[in-house]
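Here the structure is laid out as structure tokens; the discussion comes afterwards.
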Amino acid sequence: MKKDSEVRVRMAPSPTGFFHLGSARTALYNWLFARHHQGKFILRVEDTDVQRSSKEMIQTILDGLTWLGLNWDEGPYFQSERLSTYQRYVQELIDKGYAYYCYCRSEDLMKEREAALRNKQSWKYDRRCLRLSAREREEKEKAHQPRAVRFLVPDHPVVFNDIVHKEIKRDAADIEDFIIMRQNGVPTYNLACVVDDYEMGITHVIRAVEHITNTPKQVLLYEALNLPKPEFAHLPLILGEDRKKLSKRHGAVSLMAYQERGFLPEAMVNFLALLGWSPGDDQEIMSLKRIIERFSLKRINPANAIFDQQKLEWMNGQYIYQMSDQELFDRLKPFFIRLKLVAQEDLEKKREWLLKICKVLKKRLKVLTDIDKVGRYFFVEDFEYDKTALEKHLNKKTIDLTEEFSLILNKISDFNARNIEDSLREFVQQKGIPARELIHPLRVFVTGKEGGPGLFETLELVGKERCLMRIKNIIKNYEEKNG
RNA sequence: GGCCCCAUCGUCUAGCGGUUAGGACAUCACUCUUUCAAGGUGGAGACACGGGUUCGAUUCCCGUUGGGGCCGCCA
């Protein structure tokens with residue numbers, strides 16, 4: 001049972017698409033607000049659009065919230081299971097004269113509306129069914145003509161306070177008699193939302209600004225039903241780089257796409273928290289505990305924000321960098337397997353070796369899947385050689401040098417970075433050349449890349465056999481081409 | 001066409017009448033290094049415009065412009 005002063009917020013997704021980044025942020029802000037106030041975070045699935053809702057989507061939403069760590073205290077409640085409740089409220093509105101039956105065909109109205117908009121005219125339902133004579137109405141009822149229920153918008157301006165936007169005012173003339181119950185007896189969003197927010201004791205409605213135009217309608221419903229109103233806070237939108245609302249056109253907008261690319265949930269949370277909200281100081285990388293402590297609806301910036309993926313990547317890289325080797329190893333496990341870098345059964349067997357790779361690659365990963373881009377050569381032989389790097393370092397001189405040095409490498413019994421370095425330093429000294437003249441070609445020959453962790457530890461981790469094999473292949477290919 | 005929302009560097013933002021307009025990402029130099037990355041140092045980079053109010057406006061008010069959202073028997 002709810003306490004008088006308890007904060008209760010909800011996440012009310014409709015399971016009709018993938019789990020959008022914007023929905024994730026809305027969920028996060030609700031959750032942060034609840035946790036900050038030691039209140040309750042409630043999950044309610046708005047599935048009154050029977051055709052478009054799907055079971056899979058509900059699961060995706062639950063998975064997404066779970067991944068981000070946004071645990072819910074109640075629910076999920078399903079609106080589709082509460083139809084009789086809504087019907088009761090609709091009946092009350094009809095009985096009190098706040099709503100009326102509409103027998104119009106929606107296709108007809110849609111045509112009128114489209115025609116008007118095409119002619120740059122505004123269009124609003126003209127209440128023709130409200131003005132039906134008793135006889136006309138009786139005829140339609142007798143013929144069992146399908147009927148929806150419209151709310152009769154009262155003739156006075158609607159004013160409400162928004163925590164983010166301050167006072168919002170709207171003239172009655174700008175609100176049409178909206179449908180509250182469809183012909184099929186299922187209520188629409190505005191009605192179901194108001195009834196549920198009331199019945200579930202929601203104290204703060206935190207949702208995206210695209211709903212701000214619905215709010216006056218909902219306020220009217222609260223008033224007609226004589227229900228207490230919650231506080232409202234409308235969050236700015238997340239925009240794509242073209243400044244349009246983030247959508248499928250912008251590529252990856254599904255939360256799970258980010259999980260698959262190897263973003264960390266804690267980085268995601270940190271980044272999303274800062275997209276539209278600021279703690280007021282210069283701190284950007286913040287622990288969840290601190291975010292919760294500092295979070296406040298009053299510090300939400302009302303302006304829409306463009307999603308900056310580069311900054312997300314930077315932040316994710318910071319989180320990876322700050323991790324322990326063991327932690328990174330654990331996070332990387334599913335990616336090792338999916339990228340076919342390490343077999344499942346080798347994961348524990350090769351633990352020590354993998355831990356060392358984690359250590360040297362840590363500051364080079366922005367996302368977990370970068371392990372493939374940046375370190376594939378550690379794991380498998382089918383990595384690619386950078387063509388321009390090869391061109392730069394592959395010539396008679398470097399081949400001769402490498403061939404001679406490989407003999408020395410071969411003799412190292414304890415193939416570790418220290419021994420490799422000692423051998424190489426001694427070798428180049430005898431040759432009277434700077435170390436880099438051997439280091440750079442050697443790196444390209446063994447890893448295919450110009451850059452990477454220190455050469456000696458790299459060679460150690462690739463291992464003696466594979467280093468020698470790769471060098472041999474390079475020499476062989478070179479000789480075949482150049483006689 | 002109507003209604004609503006918004007406006008500080010390219011991007012995310014701090015600022016709540018008097019500041020050399022601060023930070024972060026990105027960018028550019030330099031530095032460190034066997035290379036790349038990470039790190040360090042530094043540079044360039046913003047108050048959309050026009051009116052008020054005020055001794056004084058980035059800040060308050062109005063307008064213009066620009067951007068965004070909504071106008072479904074979707075949510």
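Each chain gets a letter, A, B and so on, in the order its sequence line appears, and its residues count up from 1. All values below were derived from every heavy atom in this structure, side-chain atoms included, with hydrogens, water molecules and symmetry-related copies excluded.
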Roughly how many Å is it from CG in D370(A) to P in rA38(B), rounded to a whole number?
11 Å
Value in whole Å for how far the P atom of rC12(B) lies from CD of E241(A):
10 Å
For rG63(B), the nucleotide meeting Watson-Crick or G-U wobble distances (both under 3.5 Å) is rC49(B)
Value in whole Å for how far the C1' atom of rA37(B) lies from NZ of K449(A):
12 Å
rC55(B) to rU41(B) separation - P atoms, rounded to the nearest Å
45 Å
Measuring only the P atom in each nucleotide, how far is rA26(B) from rG63(B)? A whole number of Å is fine.
41 Å
Produce the list of close N/O pairs, under 3.5 Å, pairing protein atoms with atoms of nucleotides 26-31 of chain B; give distances to one decimal.
none

Going by an N to O cut-off under 4.0 Å, is there a salt bridge joining E199(A) and R44(A)?
no
Taking the nucleotide of RNA chain B with the nearest heavy atom to each, does E167(A) or E284(A) sit closer to the 5' end?
E167(A)
Whom does rU33(B) pair with, Watson-Crick or G-U wobble, provided both distances fall under 3.5 Å?
none
Length of the CD-C1' vector between Q309(A) and rC25(B), whole Å
13 Å
Between E384(A) and R376(A), does any side-chain N to carboxylate O distance fall below 4.0 Å?
no
Measure from NZ or CZ of R82(A) to the centre of the six-membered ring of Y77(A) and say whether it is under 6.0 Å with the direction within 45° of the ring axis.
no
Base, sugar-phosphate, or nothing: which does A303(A) touch, judged by heavy atoms less than 4.0 Å apart?
sugar-phosphate
Using a cut-off of 4.0 Å on non-hydrogen atoms, how would the nucleic acid contact of Q318(A) be classed: base, sugar-phosphate, or nothing?
sugar-phosphate
In whole angstroms, the gap separating C1' of rU11(B) from CG of L312(A) amounts to 13 Å
Okay, side chain of R331(A), backbone of L368(A): is any donor-acceptor separation there less than 3.5 Å?
no
Residues 415-450 of chain A vs ring pair (Phe, Tyr, Trp, His ring centres under 6.0 Å), sequence neighbours excluded, gives F405(A)-F427(A)
Who does rA57(B) pair with, Watson-Crick or G-U, both distances under 3.5 Å?
none
Hey, can you tell me if F383(A) and Y385(A) have their rings parallel, tilted or perpendicular (30° and 60° cut-offs)?
tilted
What does K124(A) touch in the nucleic acid at a heavy-atom separation under 4.0 angstrom: a base, only the sugar-phosphate, or nothing?
nothing
What residues form a ring pair (Phe, Tyr, Trp, His ring centres under 6.0 Å) with Y100(A), not counting sequence neighbours?
none
Give the rounded distance in Å between these two atoms: NZ of K363(A) and P of rU33(B).
14 Å
Can you check the distance between rA75(B) and rC70(B), where both ends of the measurement are the C1' atom (answer in whole Å)?
12 Å
Under 4.0 Å protein heavy-atom contacts per nucleotide of nucleotides 62-75 of chain B, with B for base, S for backbone only and - for none
------SBS-SBBB
At 4.0 Å (heavy atoms only), tell me whether L424(A) reaches a base, stays on the sugar-phosphate, or touches nothing.
nothing
Looking at the base of rG23(B), is there any donor atom on it, or on the side chain of Q283(A), that sits under 3.5 Å from an acceptor on the other one?
no
Could you list all the ring pair (Phe, Tyr, Trp, His ring centres under 6.0 Å) pairs where at least one residue sits in residues 147-184 of chain A, not counting sequence neighbours?
F151(A)-F178(A), F160(A)-F232(A)
Whom does rA38(B) pair with, Watson-Crick or G-U wobble, provided both distances fall under 3.5 Å?
none
Distance between the C1' atoms of rU54(B) and rG66(B), in whole angstroms?
28 Å
Does the ring centre of Y319(A) sit less than 6.0 Å away from the ring centre of F263(A)?
no
Closest of rA37(B), rC6(B), rG1(B) to the H165(A) side chain is rC6(B)
Identified pairing partner of rC71(B), criterion: Watson-Crick or G-U wobble below 3.5 Å
rG1(B)
Can you identify which nucleotide, out of rU13(B), rC12(B), rC6(B), has its nearest atom closest to the I306(A) side chain?
rC12(B)
Using the test salt bridge (charged side-chain N to carboxylate O under 4.0 Å, His left out), find all partners of K397(A) that sit at least two apart in sequence or belong to another chain.
E437(A)
For rG69(B) versus rA21(B), give the span between their C1' atoms, rounded off to a whole number of Å.
31 Å
Is it true that E46(A) and R207(A) have a side-chain N and a carboxylate O under 4.0 angstrom from each other?
no
With H204(A) via ring pair (Phe, Tyr, Trp, His ring centres under 6.0 Å) - residues at least two apart:
F33(A)
Just the atom pairs and distances: protein N or O near nucleotides 42-48 of chain B's N or O, under 3.5 Å.
none

Residues two or more places apart in sequence or in another chain: which of them pass salt bridge (charged side-chain N to carboxylate O under 4.0 Å, His left out) with R299(A)?
none
Round to a whole Å and report the spacing from CD1 of I300(A) to C1' of rA14(B).
16 Å
Among pairs that include at least one residue of residues 357-366 of chain A, which meet side chain to side chain donor-acceptor pair (under 3.5 Å), considering only residues two or more places apart or in two chains?
D325(A)-K362(A)
Between K464(A) and I412(A) (side chain of the first, backbone of the second, donor and acceptor by atom type, cut-off under 3.5 Å), is there such a pair?
yes
Name every residue in residues 270-282 of chain A that has at least one heavy atom under 4.0 Å from any atom of RNA chain B, in order of residue number, or write none if there are no such residues.
L274(A), L275(A), G276(A), S278(A), G280(A), D282(A)
Please identify each residue that fulfils ring pair (Phe, Tyr, Trp, His ring centres under 6.0 Å) with Y29(A), with sequence neighbours left out.
F295(A)
Between rA7(B) and rC12(B), how far apart are the P atoms? Round to whole Å, please.
12 Å
Answer yes or no: is there an ion pair linking E421(A) with R425(A), defined by an N-O contact shorter than 4.0 Å?
yes
Distance check, P atoms only: rC25(B) and rU34(B), in whole angstrom units.
26 Å
If we call it a pair only when both distances are under 3.5 Å in a Watson-Crick or G-U wobble match, what pairs with rA44(B)?
none
Pairwise P distance for rG15(B) and rG23(B), with rounding to whole Å
15 Å
Nearest-Å distance, CZ (R25(A)) to P (rC12(B))?
12 Å
With a 3.5 angstrom cut-off on both distances, give the Watson-Crick or G-U wobble partner of rA24(B), or none if there isn't one.
rU11(B)
